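These numbers come from the heavy atoms of this one structure, side chains and all, not from hydrogens, waters or symmetry mates. The structure presented is a predicted model; accordingly, all values stated were derived computationally and were not measured.
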Amino acid sequence: MVGRVTRRSATNGVGVGVDPTTTEVDFNMDYEKERELRKARNLARMLELKLPEASFVVKEEKAKPAVARKASQRGVKRQKREPVVARRSLRVRGMKPNGEMAQGIKSETNAGVTLNAGGSLSFSFSEPKKPSRKAGPVPFESIYEDDEEEQKVLDVLRDSRSMRSKAKTSTSNLSDVTLREENVMKVTKSGTVHLDIMPRTDRLVVAAGDKEGHVGVWSLSSDFADQHNVLVKPHTQYISGLKWSPSTGRDLYTCSYDGFCRKLDVSKGAASFLELANSEIHEFSAFDVDSQGNNMFLCTNDGDFLVIDTRSNNKDGSSAAIGPIELHNRKINTVHVEPSEGNLFVTSSTDKSVTVWDIRLMGNRGMKTSKKAVVSYYHGKSCQGAYFAPDGSHRVLTTCYDNHLNIFDVKRSKGFDVSSFSNWTPDKEKPVVRMSHNTQTGRWVLPFRAVWLPGSDGVVCGTMKRGVQMYSSASGKRMAHYDSDFMTAIPSRCCVHPTLPILGAATSSGRIHLFSS
């Protein structure tokens, strides 16, 4: 670089044009020295960070052709099929063919057809029949052919050892979990709509229900080496609820749109799903059981609510202990009993509201006016889920179609008296924590439902990016995002093991993914 110095006037400092006395100043030497020093420092830094090696690896990865990973086929088995009788014509069967139809049809109406040969055929139309209902106990029997794993799963369920821990899974336990290929299994035939993990530590047992009434059980050893799965069909319609017993941890409760609620009994003889509730007039859309498993809280597609005593011999839903009472004017999507006391429960509905109720304020059967809400939280769109925090803090986590997950504190609601539960008034309370989350799942993906971590310090929810996100329940900040090449679909349902660092995610393909440390 060459600098040009122009001599200026001594009086006013204004340039006087090109001066024959102009001198050339050469700055090339200093500039080149500085440039070489910077190059040496940058090279040393790149070598220290091993950037040349990293660049070579990136180039190699880019050169490889992109291969779409296929969904895992683990768990797919051959299903039992009824023998099909092949259709054969009258001629093949050695019978005289019917020539009337062969001459063609003259005219056709809703009542039937008139043949060219002079005869006629009549039609009879009837309403489509609902799926048949399975009354009474349903045997625990695999739908697959020669399924040897059925007995192995039953042996695990019959194990009376109770390996349970008091420690609760928190956000710190899930900080480094990953998904391995052997931890992906197709457990249900169609899309998984409910998912729960048995609270034992010596072995993992996952139960899942699907849209067609199937219930799948997946058993894994602690090192994931020994795995077995079985698929049974205790219901004939959509599974609306599935839960391991909070008291024993071994009893599995199920509920369905077919009007039945059942409990898996493996204690005596042949295992079967016992009938706990049976209603021909109600389609149960949501359910929960209390901590002792004595009372079953049921909700319907019409917004009705009823309580069934599981110890009663009368299983008819029309003679329920409480109800039916109309709590919402549209479908109730979830119902959840507060775990610490068992008197409060919360419902979420398609009518855009989440409401907290007290079972002690409910009237007897048929008294639809005898109801009083503790507090109602109104949302902008349909609410797909509402759950109390496991720690007894009376916080409620809600999932809404307005692209937000909300946490409400019932104790802070107007008129709430924690000692006497008096002077309650419904209030449009604002959430204490609000998390932005895309909940627009569209037509073909099940709606998301965020759930609490057992430690109550975080929540998890599926994402449209084929992953699961974890948020802090105190600040609402996103703490982690879990995804993997082994998860090839959007996970709509999630669950967390009560005491182990295990995160479960289920997709509409019926596959269960277990993230573990």
Side-chain angles (χ1 to χ4, degrees), residues 126-138 188-195 208-215 232-243 252-263 273-289 295-310 312 314-337 345-355 357 362 365-366 368 371 382-386 443 446-447 449 492-493 508:
S126 60
E127 294 291 332
K129 295 182 179 180
K130 291 184 178 180
S132 59
R133 304 173 74 244
K134 298 181 179 180
V138 178
T188 59
K189 183 180 178 181
S190 60
T192 302
V193 293
H194 286 278
L195 180 69
D210 70 4
K211 298 179 179 180
E212 300 178 358
H214 298 96
V215 172
V232 297
K233 192 171 184 179
H235 298 277
T236 59
Q237 295 186 50
Y238 190 104
I239 298 291
S240 57
L242 179 145
K243 183 177 183 179
L252 180 64
Y253 294 91
T254 63
C255 188
S256 171
Y257 279 11
D258 61 9
F260 283 102
C261 293
R262 300 185 181 276
K263 172 184 173 182
F273 286 87
L274 303 180
E275 180 182 309
L276 297 181
N278 177 3
S279 175
E280 295 184 0
I281 60 175
H282 295 298
E283 288 187 350
F284 298 135
S285 60
F287 103 114
D288 196 11
V289 292
N295 294 310
M296 185 170 290
F297 293 65
L298 302 172
C299 298
T300 71
N301 282 330
D302 299 323
D304 291 339
F305 165 80
L306 58 157
V307 177
I308 299 292
D309 190 340
T310 59
S312 173
N314 192 346
K315 309 303 181 184
D316 189 356
S318 61
S319 59
I322 297 178
I325 302 176
E326 184 180 353
L327 299 186
H328 298 268
N329 56 18
R330 298 188 68 179
K331 175 186 175 182
I332 298 177
N333 293 310
T334 61
V335 58
H336 187 232
V337 182
F345 66 95
V346 60
T347 56
S348 66
S349 173
T350 310
D351 65 3
K352 306 179 184 180
S353 69
V354 169
T355 307
W357 311 86
M362 293 291 174
R365 178 169 55 90
K368 296 198 175 195
K371 61 179 182 180
S382 170
C383 298
Q384 291 298 318
R443 179 179 181 181
L446 285 169
R449 286 181 182 173
S492 299
R493 298 290 187 262
S508 296

Checklist entry - So, for Thr236 and Asp258, which heavy atoms are closest and what is the spacing to 0.1 Å? => result N-OD2, 3.2 Å
Checklist outcome for this item: What one should report as the nearest heavy-atom pair of Ala286 and Ile332 is CB-O, 4.0 Å
Side-chain touch [X]/[Y], heavy atoms, less than 4.5 angstrom:
X: Phe284; Y: Leu306; answer: yes
X: Thr310; Y: Asn295; answer: no
X: His235; Y: Phe260; answer: yes

If you round to the nearest 0.5 Å, how far is [atom2] of [Y] from [atom1] of [X]?
X: Asn301; Y: Ser285; atom1: CG; atom2: OG; value: 4.5 Å
X: Lys233; Y: Phe273; atom1: NZ; atom2: CZ; value: 13.0 Å
X: Ile308; Y: Met296; atom1: CD1; atom2: CE; value: 8.5 Å
X: His282; Y: Asp302; atom1: NE2; atom2: CG; value: 8.5 Å
X: Asp309; Y: Ile322; atom1: CG; atom2: CD1; value: 10.0 Å
X: Ser190; Y: Tyr238; atom1: OG; atom2: OH; value: 9.5 Å

Would you confirm whether [X], through its side chain, and [Y], through its main-chain N or O, come within 3.5 Å as a donor-acceptor pair?
X: Arg262; Y: Leu252; value: no
X: Arg493; Y: Pro447; value: yes
X: Ser256; Y: Gln237; value: yes

Does [X] have any side-chain hydrogen bond (donor to acceptor under 3.5 Å, both in side chains) partners at least two apart in sequence or in another chain, and if so, which?
X: Ser240; value: none
X: Gln384; value: Ser382
X: Thr300; value: none
X: Ser349; value: Asp351

For [X], check salt bridge (Lys or Arg N to Asp or Glu O under 4.0 Å) against everything at least two apart and list the hits.
X: Asp288; answer: Lys243
X: Lys352; answer: none
X: Lys331; answer: none

Next on the checklist: Can you list everything that forms a side-chain contact (heavy atoms from CB on, under 4.5 Å) with Ser348? Sequence neighbours excluded, please.
Outcome noted: Asn333, Thr334, Val354, Cys383, Ala386
Checklist entry - Listed by chain and number, what are the side-chain contact (heavy atoms from CB on, under 4.5 Å) partners of His194, not counting sequence neighbours? => result Ile239, Leu242, Arg449
Item to check | Full working for side-chain contact (heavy atoms from CB on, under 4.5 Å) between Phe287 and Cys299 | outcome: CA-CA 6 Å; Phe287 103 114; Cys299 298; over 6 Å; no
Checklist entry - Should the ring pair His328 and Trp357 be called parallel, tilted or perpendicular, given that the plane angle runs from 0 to 90° and is split at 30 and 60? => result perpendicular
Next on the checklist: I'd like to check the ring-ring contact (aromatic ring centres under 6.0 Å, His included) partners of His336; sequence neighbours left out, ordered by chain and number.
Outcome noted: Tyr387
